[in-house]
Asker: 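Sharing a structure with you now.
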Amino acid sequence: MKLPPCAAALAAGALLACLIGAPGASAAQAAEAEALPGMNMEAVVKAAQIDPRRSDHTLTPGAKAGVLLVEEALRDRHLLDAKWVDGYFGTTTVAAFSEFQRSLGRTGLAASGLPDAASLTRLGAGRFTVTHVIGPGARVSTGGVVVDARTRSMLAEAKRLLGRDLVLLQGSYNRGGDPTSAGTHDGGGVVDISVKGMDSAARIAAVRALRRVGFAAWLRNPDQDDWPWHIHAAAVNDTDLSSQAQHQIGDYYLGLNGLAGRGPDDGPKVPIRTWEEYRRR
């Protein structure tokens, strides 16, 4: 369900107030927050997935202003050299953001360098407000595997578009699971889907439906690695993605197949979008 603009703004404001531990903002605090520039979290997270995979310094459309705000804050904390404050969320900025996350006492997945709402809010205190707030939601069970709530909603919509069920072979947060997954399932937002009983047309239709709702999805076959035919899908802009899955998202945007060899994308062509962009369409 799409929230009206006023409700969406209230929801984002409530989340930010919760993240900074404030039960309610005073009039002075509210005025101060309004005077601060807004940092578009959706755009910044997208850049943090795509930019490190680029072979040049092309900026992710719509992300420069927000990335600059993040980089300036990292610079002023002496985590990022001034020469890297350029609006490009490349590997150096990812490493600096990871260091900031570790300074908050985080480890592992929570310090991967991919921005999340809580760390962005802490970084931006007194500097910028976080707009277009996104998050994975709680870990939930669906189809016998664990995913996050955002991924479950995306799968439900893909099933609705497809008009058939999707059987999950592997879920998320499966660290140390299938070794052929190369760590992509260690975090959130990633699933493997069975294609048993599907003909070629049905398989492609399933990949297309998944892509439409915001997954980077590909049909995998036994010629690529030691695995059966299946669909691999990673949710764009899921802030719980493992580093390996983040790389797959970046490659998807760059027209690649998400495998180690970085071959051309072999899936159906659809407009690339996030789950949030799909819901606003």
Asker: Between Arg281 (side chain) and Tyr278 (backbone), is there a donor-acceptor pair under 3.5 Å?
Answerer: yes
Asker: Would you please classify the geometry between the His185 ring and the His232 ring as parallel, tilted or perpendicular, with 30° and 60° separating the classes?
Answerer: perpendicular
Asker: Can you tell me if CG on Asp199 sees more than 12 non-hydrogen neighbours from other groups inside 6.0 Å?
Answerer: yes
Asker: Any sub-3.5 Å donor-acceptor pair from Gln248's side-chain atoms to Gln244's backbone N or O?
Answerer: no
Asker: Testing the basics here: between Ile249 and Gln49, what is the closest heavy-atom pair and its distance to 0.1 Å?
Answerer: CG2-OE1, 3.2 Å
Asker: Is it the case that one hydrophobic cluster holds both Ile231 and Leu162, taking links as side-chain heavy atoms less than 4.5 Å apart, direct or via other members?
Answerer: yes
Asker: Between Phe100 and Arg77, is there a cation-pi geometry (under 6.0 Å to ring centre, at most 45° from the normal)?
Answerer: no
Asker: Rounded at 0.5 Å granularity, tell me how far NZ in Lys64 sits from CG in Asn40.
Answerer: 16.0 Å
Asker: In terms of side-chain geometry, is the basic nitrogen of Glu72 or Arg75 positioned less than 4.0 Å from the acidic oxygen of its partner?
Answerer: no
Asker: Using side-chain heavy atoms (C-beta onward) and a distance below 4.5 Å, is Asp225 in contact with Arg220?
Answerer: no
Asker: Can any side-chain N or O of Tyr88 pair as donor or acceptor with the backbone N or O of Asp51 at less than 3.5 Å?
Answerer: yes
Asker: Would a distance-only check, ignoring hydrogens and angles, find a side-chain to backbone donor-acceptor pair under 3.5 Å from Ser181 to Thr184?
Answerer: no
Asker: Between Thr60 and Arg54, do the side chains contain an N or O donor and an N or O acceptor separated by less than 3.5 Å?
Answerer: yes
Asker: If we only count heavy atoms from C-beta on, is the Tyr253 to Lys46 side-chain gap below 4.5 Å?
Answerer: yes
Asker: If only atom types and distance count, is the side chain of Arg211 paired as donor or acceptor with the main-chain N or O of Pro268 below 3.5 Å?
Answerer: yes
Asker: Check for a donor-acceptor pair, side chain of Gln224 on one end and backbone N or O of Asn221 on the other, with a separation under 3.5 Å.
Answerer: yes
Asker: Whether Arg150 and Asp240 form a salt bridge (side-chain N of Lys/Arg under 4.0 Å from carboxylate O of Asp/Glu) is what I want to check.
Answerer: no
Asker: Heavy-atom count around Lys269 NZ within 6.0 Å, excluding the residue itself: above 12?
Answerer: yes
Asker: Side chains of Gln170 and His230: any donor to acceptor distance under 3.5 Å?
Answerer: no
Asker: For the pair Ser98 (side chain) and Val94 (backbone), establish whether a donor and an acceptor sit closer than 3.5 Å, ignoring hydrogens and angles.
Answerer: no
Asker: I'd like to know if the side chain of Thr131 and the backbone of Met39 have a donor-acceptor N/O pair within less than 3.5 Å.
Answerer: yes
